[in-house]
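These notes are about the structure you will find just below.
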Amino acid sequence: MQVKHLLLIAILALTAACSSKEVVDENLSEVELYQQAQNDLDNNSYTSATAKLKALESRYPFGRYADQAQLELIYANYKNAEPEAAKSAAERFIRLHPQHPNVDYAYYLKGLTSFDQDVGLLARFLPLDMTKRDPGAARDSYNEFAQLTSRFPNSRYSPDAKQRMIYLRNLLASYEIHVADYYLTRQAYVAAANRGRYVVENFQETPSVGDGLAVMTEAYQRLHLDDLAATSLETLKLNYPDHPSLVDGQFTPRVGEVDNRSWLSKATLGLIESRPPLPPGETRANQDVQRQFQDAKEAIPNELKPKDENGDVIEEPEAENPSGDRSWFSYMTFGLFD
């Protein structure tokens, strides 16, 4: 059934794209244009209604239906799946008529257009997770509904806008948690902790606050910041004792330890290591600096090196292999000839 719907929508879209633009009769009066536009809206002929409303506005800019035509044009563009045109028409109406008795309707349609902008054809018929998609339109919709509810608290559209704002706030918080989980998998623990804290501080009373505390706990544990991890964990236990990350009162990480070995090392069961794993607190940059220092020290001529009483060069004792590096021969012989 979903495939049939998609095919039908594709056929209608191609038909609309291939059809020529409607030519509006130039002899129609203002009343006739408005009545025909209303008939098109009632019949869901939004493309035709848009053409007649634009003609009405351009031919009779100071007529009795000019303001109403601008409002109807916002609605026609919204229903015709033209979000940019709808928002542009709404912004134009708000700019030209800030004191109009129906300007709250323009604010509401502007927010509603952004609200539905993320819901494309695939999202309507396929089970897509909206919390994992770019929240740009959702954030715009939330801000636009917030303008409506703050400027027109007694508007008849405010109750619906407030309900949509609750949904959008939950969606934005869930998106932040998905980003934090991604950072955990990439071992970007500082960024993950910041995302979790952002959710806790800015999205109170959303279901994602518990997830934000769990992310903070795990990230701080990975960073060995025991005090911060303990504080986050205690807050999680106190406010969300049934959170999935708490098993019998013990914290269970959401993301397991990541194996940083190369594919060659994994395929050869560690016999061939391209580069050894870094010890705690060590970085590749530090290793490169140490290697450059060692090369420069070895390049010093013997006459410049420190000498003992007999004039012999004082050789520094070689440190035992601190990093545990083994040669390929040692790996191939399983350490028998080390």
Side-chain angles (χ1 to χ4, degrees), residues 118 123 127-143 146 165-263 265-266 270 273-289 323:
D118 279 341
L128 300 180
D129 188 354
M130 299 300 297
T131 64
K132 296 182 179 180
R133 304 185 64 184
D134 179 24
R139 191 176 291 110
D140 292 341
S141 180
Y142 183 88
N143 294 334
M165 287 174 66
I166 294 175
Y167 165 79
L168 291 169
R169 197 161 179 267
N170 292 339
L171 186 145
L172 292 172
S174 297
Y175 173 79
E176 295 294 331
I177 294 300
H178 284 304
V179 176
D181 287 340
Y182 171 78
Y183 285 143
L184 284 176
T185 59
R186 303 296 295 178
Q187 303 181 48
Y189 300 126
V190 175
N194 290 337
R195 288 280 181 165
R197 187 176 67 253
Y198 179 79
V199 171
V200 173
E201 293 176 350
N202 297 278
F203 293 97
Q204 283 293 324
E205 300 181 0
T206 64
S208 298
V209 174
D211 296 332
L213 289 169
V215 168
M216 292 171 63
T217 302
E218 182 171 354
Y220 289 142
Q221 286 181 351
R222 304 291 192 196
L223 293 170
H224 302 289
L225 300 175
D226 298 333
D227 292 340
L228 293 175
T231 302
S232 302
L233 181 56
E234 288 301 322
T235 307
L236 177 64
K237 289 181 178 180
L238 180 62
N239 295 278
Y240 303 92
D242 298 327
H243 193 270
S245 63
L246 298 176
V247 180
D248 296 331
Q250 300 298 321
F251 180 75
T252 303
R254 296 160 62 93
V255 179
E257 290 284 357
V258 180
D259 190 353
N260 290 321
R261 297 181 303 164
S262 65
W263 66 268
S265 175
K266 295 176 183 178
E273 294 275 2
S274 57
R275 297 186 73 176
L278 293 175
E282 184 70 13
T283 64
R284 297 295 183 193
N286 289 341
Q287 289 186 346
D288 292 339
V289 171
S323 60

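Atoms considered below: every heavy atom in the structure, side chains included; atoms not considered: hydrogens, waters and symmetry mates.
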Carefully, step by step, assess T235 and T217 under the rule side chain to side chain contact (heavy atoms under 4.5 Å, CB included). CA-CA 10 Å; T235 307; T217 302; over 6 Å; no
In short, A193 meets M216 closest at the heavy-atom pair O-CG, 3.9 Å
Looking only at non-hydrogen atoms, find the nearest pair between V199 and A173 and report the distance. CG2-O, 4.1 Å
I'd like to know if the side chain of T185 and the backbone of Y182 have a donor-acceptor N/O pair within less than 3.5 Å. yes
Could you tell me the separation between the CZ atom of F203 and the CG atom of L171, rounded to the nearest 0.5 Å? 10.0 Å
Would you name the heavy atoms of A192 and V215 that are closest together and state the gap between them? O-CG1, 3.3 Å
Can you name the side chain to side chain contact (heavy atoms under 4.5 Å, CB included) partners of S141, sequence neighbours left out? S114, F115, F145, L168
Do L184 and D181 pass the side chain to side chain contact (heavy atoms under 4.5 Å, CB included) test, and can you show the C-alpha distance, the side-chain angles, and the key distance before you say yes or no? CA-CA 5 Å; L184 284 176; D181 287 340; 4.1 Å; yes
Between Y220 and Y189, is there a side-chain heavy-atom distance shorter than 4.5 Å? no
Residues, nucleotides or ligands: over 12 heavy atoms within 6.0 Å of Y240 OH: yes
Kindly determine whether R197 and V200 satisfy side chain to side chain contact (heavy atoms under 4.5 Å, CB included), including the steps that lead there. CA-CA 5 Å; R197 187 176 67 253; V200 173; 5.5 Å; no
Summary of side chain to side chain donor-acceptor pair (under 3.5 Å) pairs that have at least one residue in residues 202-216, sequence neighbours excluded: S174-S208, D211-H243
Could you grab the distance from atom CE of M165 to atom CG of N143, nearest 0.5 Å is fine? 8.5 Å
Here the salt bridge (Lys or Arg N to Asp or Glu O under 4.0 Å) pairs for residues 228-252, sequence neighbours left out, are none
Once you round to the nearest 0.5 Å, how far does CG of L228 lie from CG of L223? 9.5 Å
